[in-house]
Structure formats: C-alpha cells, structure tokens
Amino acid sequence: MALREAAEISIDNGVQQLIGKARQESVETAFDRAQKMSPVCTFGSAGVCCRLCLEGPCRIMPNGREPQRGICGAGVDTIVARNFLAALVSGTAPHAEHGREVALALLATAEGKTPFAIKDVDKLLVIAGELGIATENRETSEIAREVALKALEDFQKQQGAMNWVDIRAQGKTRETWDKLGLTPVNAHLEISRAVTRGAMGCDADPLNLLLGAITMGLVDGFAGLHLSSDLQDILFGTPRAVKSKYCMGVLQPRMVNIAVHGHVPMLSEKIVEWAGRLNGEAKKMGAEGINVVGVCCTGNELLMRQGVPVASSFSSQELVIVTGAVEAMVVDIQCIMPGIQKVAECYHTNIITTMGDVKIPGATHVEFHPETADHAAEQIVRLAVQNFTRRDASRVAIPEETVEAYAGFSVEQIIEVLAKLDGEQPLKPLADAIASGAVRGVAALVGCTNPREKQDFGNVTVAKELLRNNVLVVTTGCAAHSLGKHGLMNISGLDYCGAELRNVLITLGKAAGLPALPPALHMGSCVDNSRPANLLKAVADYLGVAIRQLPVVGSCPETHSPKAMSIGTYFIACGVDVHVGVNPQIGGSAFVTAVLCNDRSAGGITTDEVFGGKLIYQPDPLQAAKTLLDRIDQKRAELGLPVPQREVSQHAG
Ligand code: NFS
Ligand code: SF4
C-alpha cells in the first residue's frame with residue numbers, strides 16, 4: 001500500500017519534513033497507522049455495535065436487514081444512544097479527575113503541605129465571595145482551604161446542585177436544566193449514574209439516555225472545565241497576554257530539550273522551574289542550557305502562564321521525538337499516545353511517565369505528587385540532562401520554521417483591554433460591535449487534531465472563513481496550536497479578517513498598547529473552554545438575554561477525543577451550536593441523529609428546540625463555516641440585529 005504523501009497528512013511544513021525523516025528511518029507514526037486502519041469498520045462508525053455483555057458482541061445491520069435487535073432485544077436507537085452516553089462518560093471522567101486533583105492540590109497547598117503557593121490571591125477572594133465564604137480579616141490559606149473543600153463537595157454532595165453550577169451557570173440558561181431535572185448534583189454521582197443507566201439491562205429509552213448525556217456534558221462543563229480553570233488560576237496565576245512561538249522549530253539543536261505533554265499544569269510548572277535551576281548542570285554536560293517545550297494541552301497551560309513555546313499538537317506528538325533532539329518527553333495524563341514509547345526506542349529519548357494511573361510499558365516512571373513536586377521535578381530534569389550525552393548528532397534534524405504568536409487571553413485580560421475603551425461598562429464596546437455587525441458573531445475554534453485528518457487544514461480553513469466574515473474567533477486546545485502555527489495568533493494574521501473585524505481588533509489592540517489584537521484570541525487548554533463560556537455568560541448578562549440567543553457558535557473541525565464531545569455537549573446544553581468535522585458515530589440511529597442534529601422531520605423533540613443548540617456534523621470545512629455563519633445570521637435576525645453581507649470562498653486554504 002502506498003503511504004499518503006506528507007502534504008496530504010499535514011499543512012505544517014515542519015511536520016511534513018519529519019514524516020519524511022520518520023519514514024526514512026523506518027519509524028512508524030500515528031499517521032501511517034491511521035492508513036493501515038482503513039477502511040474503517042462500518043458498524044463501529046455508525047455506532048451500532050454493542051459489547052456491553054457476554055451475550056454479545058451484537059451489531060445491527062443497515063437498511064432494515066437482519067438482525068435488527070441485539071440478543072437482549074435492544075434496538076438500534078438504544079444501542080447508539082448508549083454508545084454516545086458511554087463516549088461522553090469517557091470524555092467527562094478524565095476532566096472531572098483533573099478538577100479533583102487540582103482541588104486536592106489546592107487543599108494540600110492551603111495546609112502548607114506542598115511547595116506551591118497561592119499565586120492569584122485576588123481571584124481566590126472573588127471565587128470565595130461567589131461561594132459565600134467569608135473573606136474579611138482572614139488568612140489567605142484559610143480561605144483557600146475552604147474554597148478547596150467547596151470544590152471537593154462537588155464530588156461528594158448528595159442533594160442540590162454542584163457548587164460550581166451555582167456560581168458559573170447563567171440563571172436564564174440553567175432554568176431549563178433544573179426544570180428537566182438534568183442539573184448535576186456531584187460529578188462522581190453523575191458519572192456513576194451514567195455508567196449504570198448505560199449498562200446491560202438498564203436504561204433502554206434512547207431519549208432518556210440522551211438526556212443523561214446532557215447531564216454528562218454539564219458535569220464536564222462545571223467539574224471539568226470551570227472548576228479546573230478556576231482553581232488552576234488561583235494556584236498558578238490567571239493568564240495575561242504573552243508572546244511566544246509555535247512549531248517544531250522551537251526545539252533547540254544545542255540545548256537539552258524537554259517536551260512536557262499532557263494536561264495538568266502542576267508538574268509542568270515545576271519542570272519549568274527546575275529547568276531554570278539546573279541550567280548550569282546542562283552546561284557542564286556540554287549543552288547550551290535547558291529548553292522546555294510544550295505538547296498538547298500542557299503546552300497550552302505553560303504557554304498561557306509562562307510563555308513557554310509549543311512544539312506540537314496531538315496528532316504529531318510522536319514526530320517531536322523524531323527530531324532526534326529530545327532528551328525527555330515528560331507526560332502526565334490524557335491524550336498521550338502509547339506509541340511515543342516505540343518511537344522513543346528508535347532514538348535516545350527517555351519517556352517519563354509521572355502518574356500512577358497512566359503508565360506505559362518500557363517508559364521510565366517517576367511518580368509525581370503535589371506534596372513532593374520539587375523532588376520529582378528535580379529528578380526528571382536531571383534524567384533529561386544526563387541523557388544529553390546519549391544524543392546522536394547525526395540523527396538530529398529540527399525543522400527550522402517557527403511562528404510568533406500572542407496567547408493568554410483570559411476573560412480577565414479581555415475585560416481589562418475592553419475597559420480601556422469604557423471603564424464603567426467594559427462589555428459595552430464588544431456588545432456594541434456585535435449589535436452593529438462590525439463583529440458578526442463569536443466562534444470558539446476548539447478541540448483536537450486527528451491522525452486520520454489532514455493536520456491543521458480543517459481548523460485553519462474554518463477559522464479563516466469565519467474571520468473573513470467578521471466573526472471574532474476565540475480558540476483553545478490543539479485547535480489553537482493549528483491557528484497559532486498558521487499565523488492567526490499574530491498581527492500578520494489580520495489580513496485574513498474582514499475589514500470591520502480588523503478595525504475592531506486594531507482599536508482594541510491600540511487601547512492595550514499593541515498595534516492590534518491577533519485575529520484568534522487564544523484562551524487556553526481544553527479545560528479552559530470555561531473561559532469562552534464565561535465570556536458568553538458575561539455578554540448575555542450584559543445584554544439581558546439567554547446565552548442561546550447570542551450569535552455564537554463552537555467548532556471542532558479535527559475532533560479525535562471523547563473529551564471534545566463532552567465539552568461540545570456542555571455547549572449544546574448552554575444553547576450553542578457545535579460543529580464536529582469527524583464522524584461522531586451516531587449515524588446508525590435516525591432517532592439519535594434527529595435529536596442531536598435537529599432533524600425535526602421525524603416530529604420528535606430535539607436539543608435545538610429544548611436548549612437552543614445542536615450538533616453539526618460536517619467534514620468539509622468550507623461547508624461547515626457556511627452552516628455556522630447561517631446559524632449566526634439566524635440568531636442575529638431573531639435578536640433584531642442587522643445581518644451583514646457574506647464573503648464566500650470557493651477554495652479552502
Ligand atoms: Ni482537548 Fe487537550 Fe488536544 Fe484534543 Fe487532546 S490535548 S484536552 S482532547 S487532542 S485538544
Ligand atoms: Fe448484545 Fe444486548 Fe448484550 Fe449489547 S447488551 S451485547 S445488545 S445482548
């Protein structure tokens with residue numbers, strides 16, 4: 001079988017070069033494995049296979065052919081809805097664990113048991129106030145302790161609503177969830193309920209299962225996203241605008257390179273600190289120093305808070321190692337391909353796992369706990385430094401290109417910029433620009449890259465088409481890496497914007513002391529999708545409307561992770577349409593598709609009707625952008641706002 005051309009695999013030149021190098025050196029990566037996996041199983045793709053019990057596996061045939069029921073009698077709608085719910089559980093649970101780990105770290109820090117400090121005391125006080133915790137004349141550590149305990153209640157309480165729903169949900173939006181009994185009580189309880197109702201012989205009602213999926217989305221939204229971002233900001237600081245760099249070229253040929261990969265910033269923050277402290281050791285080994293680069297969402301966390309450059313998003317993580325210049329790839333949790341170890345064995349790279357629940361055979365394991373963070377980080381950085389002598393110079397090839405990018409656009413940072421224009425009502429300039437049509441709407445470009453897809457192509461194409469039509473783009477996750485690498489997070493990217501949006505970004509940038517704001521505002525990692533959600537809530541509250549009425553959309557063109565699906569479901573429940581560019585594996589059930597994708601021809605109920613948001617599956621990025629613009633324009637019209645003319649591209653890129 002002829003392998004896909006590098007140009008078909010990615011639009012990133014550096015990635016293309018490294019694919020060539022990998023193939024020359026007989027190193028297999030996810031891109032080639034994806035090809036071996038073709039053609040895909042049509043049953044799995046349609047979501048119609050069930051392995052819930054040992055009567056099975058069962059699968060339902062298409063077009064009415066037999067069998068039409070599983071051995072237990074489950075029909076296709078039940079099976080597809082159960083599989084969808086299961087996917088959401090596997091997206092939500094890791095995010096909830098992320099939140100819980102950070103809450104425990106905050107508690108331990110407040111009790112003086114970790115080397116971390118409370119970096120953002122102001123945010124701590126704001127959140128404590130929101131949670132009803134007294135703050136006057138009290139020690140910071142005491143307040144932090146109570147905030148951490150309130151967070152942990154969201155994994156324990158048996159009645160009422162999660163505390164983070166109470167402080168972060170928009171009142172108007174939440175009413176629907178409360179009315180339908182969908183508001184989560186505590187994250188663990190809801191995850192356990194969802195696993196149970198989806199188990200063999202339990203919930204067989206596809207609509208009821210989909211309502212369970214909405215609750216799972218809410219658990220991800222509040223326990224995964226909001227709680228994690230809030231507590232991480234308290235511990236590590238709220239991001240502010242920073243300038244940094246993207247692409248494989250951020251690896252340094254004469255330095256000890258440490259790639260940090262995963263999601264939780266606790267370990268990676270310490271790695272950056274210890275890399276600074278042990279720089280002298282690296283020089284003794286003949287290197288010019290230590291260079292830390294980010295991969296995936298850990299990359300986003302460090303970029304936003306420390307300005308650490310980003311080497312790679314999800315799909316090309318193995319190629320970071322193929323440069324031959326990486327002494328250690330340090331991983332924590334989530335989106336870590338087991339394949340990195342096999343690739344590392346072809347070079348001198350040391351894969352270092354750090355979490356008891358996320359190990360890889362063959363990798364070095366250095367256990368990390370917040371309490372012993374310094375010890376673990378020191379040990380890891382020393383392992384990397386020592387490994388420098390094993391580097392084979394003849395096998396080092398780092399693509400040269402790097403791209404400058406601005407990141408760090410927390411809501412706090414955005415409001416601070418807007419306040420330069422209107423100190424009394426900072427949201428007014430943004431709301432006015434939306435009302436006039438200078439900003440047609442807001443789109444969150446989020447989520448992953450996927451080895452099956454041409455890397456960056458979908459993310460960049462959707463973003464450019466929306467920008468051209470004056471849609472303000474905010475971005476998170478690996479999608480942000482795509483936009484950063486292709487110039488949409490620096491000033492030169494303004495060329496892609498429509499004239500009205502460009503003027504708005506220049507006005508805002510000048511107010512902030514910059515030539516302009518970049519066209520895509522990088523708001524952080526995937527758990528930081530809490531930030532766009534907070535921005536929407538702020539704008540909706542300012543305008544006195546529900547979030548579902550706003551001309552806003554979400555798009556995840558290169559979806560790979562169930563996490564993206566559970567985050568997407570949270571936004572659908574808030575009343576926002578969410579586009580995915582990769583098959584969500586629900587097509588086997590007309591019923592499930594109708595409910596989620598708003599096909600009203602069947603006469604049933606849909607999420608669009610109930611919540612104001614739906615799932616849009618569209619693999620063609622230009623077509624997807626058009627559908628998203630249609631939706632924005634429809635919501636504008638419903639609000640009585642003018643609907644500006646469109647600019648339509650014939651070709652992507
Ligand atoms: Ni989000 Fe981040 Fe990347 Fe997708 Fe994976 S790293 S949590 S899931 S692939 S954006
Ligand atoms: Fe088959 Fe039903 Fe068991 Fe699923 S739960 S494997 S459909 S018998």
Side-chain angles (χ1 to χ4, degrees), residues 96 98-175 177-178 183-190 218-219 221-240 265-266 269 305 370-371 410-413 415-416 419 423-427 527-528 530-531 533-535 537-538 541-542:
H98 181 151
R100 191 180 66 90
E101 296 272 350
V102 179
L104 287 173
L106 179 63
L107 181 64
T109 302
E111 292 174 345
K113 293 177 186 160
T114 79
F116 298 108
I118 307 292
K119 273 239 181 83
D120 193 339
V121 177
D122 290 343
K123 186 143 188 173
L124 171 71
L125 296 179
V126 170
I127 293 172
E130 289 168 330
L131 288 165
I133 295 167
T135 53
E136 296 242 331
N137 303 319
R138 298 185 70 196
E139 293 282 335
T140 304
S141 58
E142 243 179 276
I143 301 168
R145 187 167 181 281
E146 280 191 35
V147 168
L149 291 174
K150 279 278 182 199
L152 290 171
E153 271 179 28
D154 279 355
F155 300 88
Q156 293 154 348
K157 62 199 289 192
Q158 295 298 316
Q159 52 205 347
M162 286 176 53
N163 297 328
W164 253 258
V165 172
D166 285 336
I167 67 169
R168 289 289 168 262
Q170 192 204 21
K172 284 181 198 288
T173 300
R174 180 185 167 168
E175 276 169 20
W177 312 334
D178 287 344
T183 310
V185 178
N186 97 47
H188 285 175
L189 172 155
E190 301 298 353
L218 296 177
V219 171
F222 294 102
L225 317 185
H226 286 289
L227 189 148
S228 299
S229 293
D230 280 346
L231 303 189
Q232 286 176 178
D233 283 358
I234 290 173
L235 271 174
F236 304 116
T238 303
R240 303 183 44 81
M266 285 187 278
E269 287 272 337
R305 295 200 179 82
E371 289 80 355
S410 57
V411 175
E412 289 84 344
Q413 174 68 82
I415 301 259
E416 196 182 305
E424 301 257 296
Q425 293 178 287
L427 287 166
V527 295
D528 288 335
S530 58
R531 300 187 202 277
N534 284 336
L535 186 64
K537 174 173 185 274
D541 284 346
Y542 172 81

Hey, is the main chain of [Y] close enough, under 3.5 Å, to the side chain of [X] for a donor-acceptor pair?
{"X": "Gln159", "Y": "Val185", "value": "no"}
{"X": "Asn163", "Y": "Asp154", "value": "no"}
{"X": "Arg168", "Y": "Phe222", "value": "no"}
{"X": "Lys157", "Y": "Ala161", "value": "yes"}
{"X": "Asn186", "Y": "Leu189", "value": "yes"}
{"X": "Ser410", "Y": "Pro239", "value": "yes"}

Euclidean distance, [Y] [atom2] relative to [X] [atom1], rounded to 0.5 Å:
{"X": "Thr109", "Y": "Glu371", "atom1": "OG1", "atom2": "CD", "result": "8.0 Å"}
{"X": "Ile234", "Y": "Ile143", "atom1": "CD1", "atom2": "CD1", "result": "10.5 Å"}
{"X": "Glu142", "Y": "Ile133", "atom1": "CD", "atom2": "CD1", "result": "11.0 Å"}
{"X": "Leu107", "Y": "Glu146", "atom1": "CG", "atom2": "CD", "result": "11.5 Å"}
{"X": "Leu131", "Y": "Asp166", "atom1": "CG", "atom2": "CG", "result": "9.0 Å"}
{"X": "Arg305", "Y": "Leu235", "atom1": "CZ", "atom2": "CG", "result": "9.0 Å"}

So with a 6.0 Å cut-off around NZ of Lys113, is the heavy-atom count from everything else above 12?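 No, NZ of Lys113 has 12 or fewer neighbouring heavy atoms, counting only those of other groups under 6.0 Å.
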Beyond-backbone contact of His226 with Met162, side-chain heavy atoms, under 4.5 angstrom: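 SC-SC contact between His226 and Met162 ruled out.
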Using side-chain heavy atoms (C-beta onward) and a distance below 4.5 Å, is Val527 in contact with Gln232?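 Val527 vs Gln232: side chains touch.
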Locate the shortest heavy-atom distance separating [X] from [Y]; write the atom from each residue and the value.
{"X": "Asp120", "Y": "Gly237", "result": "CB-CA, 4.1 Å"}
{"X": "Pro184", "Y": "Val165", "result": "CG-CG2, 4.2 Å"}
{"X": "Ile167", "Y": "Glu130", "result": "CG2-O, 3.4 Å"}
{"X": "Lys123", "Y": "Arg531", "result": "NZ-NH1, 4.3 Å"}
{"X": "Ala103", "Y": "Ala151", "result": "CB-CB, 3.9 Å"}
{"X": "Trp164", "Y": "Asp230", "result": "NE1-OD2, 2.9 Å"}

Side chain to side chain donor-acceptor pair (under 3.5 Å) partners for [X], two or more places apart:
{"X": "Gln425", "result": "none"}
{"X": "Glu416", "result": "Arg240"}
{"X": "Ser530", "result": "Ser229"}
{"X": "Lys150", "result": "none"}

Hey, mind stepping through Val147 and Leu231 against side chain to side chain contact (heavy atoms under 4.5 Å, CB included) and telling me if it holds? CA-CA 9 Å; Val147 168; Leu231 303 189; 4.0 Å; yes
Can you sort out the partners of Asp178 under salt bridge (Lys or Arg N to Asp or Glu O under 4.0 Å), two or more places apart, ordered by chain and number?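 Asp178: salt bridge (Lys or Arg N to Asp or Glu O under 4.0 Å) contacts with Arg174.
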Sole residue of Val411, Asp233, Asp122 in side-chain contact (heavy atoms from CB on, under 4.5 Å) with Thr238: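 Result: among Val411, Asp233, Asp122, Asp233 is the only option passing the side-chain contact (heavy atoms from CB on, under 4.5 Å) with Thr238.
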Per the ring pair (Phe, Tyr, Trp, His ring centres under 6.0 Å) rule, what does the pair list look like for residues 104-163, sequence neighbours excluded?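 For residues 104-163, and leaving out neighbouring residues, the ring pair (Phe, Tyr, Trp, His ring centres under 6.0 Å) pairs sorted by first residue read Phe116-Phe236, Phe155-His188.
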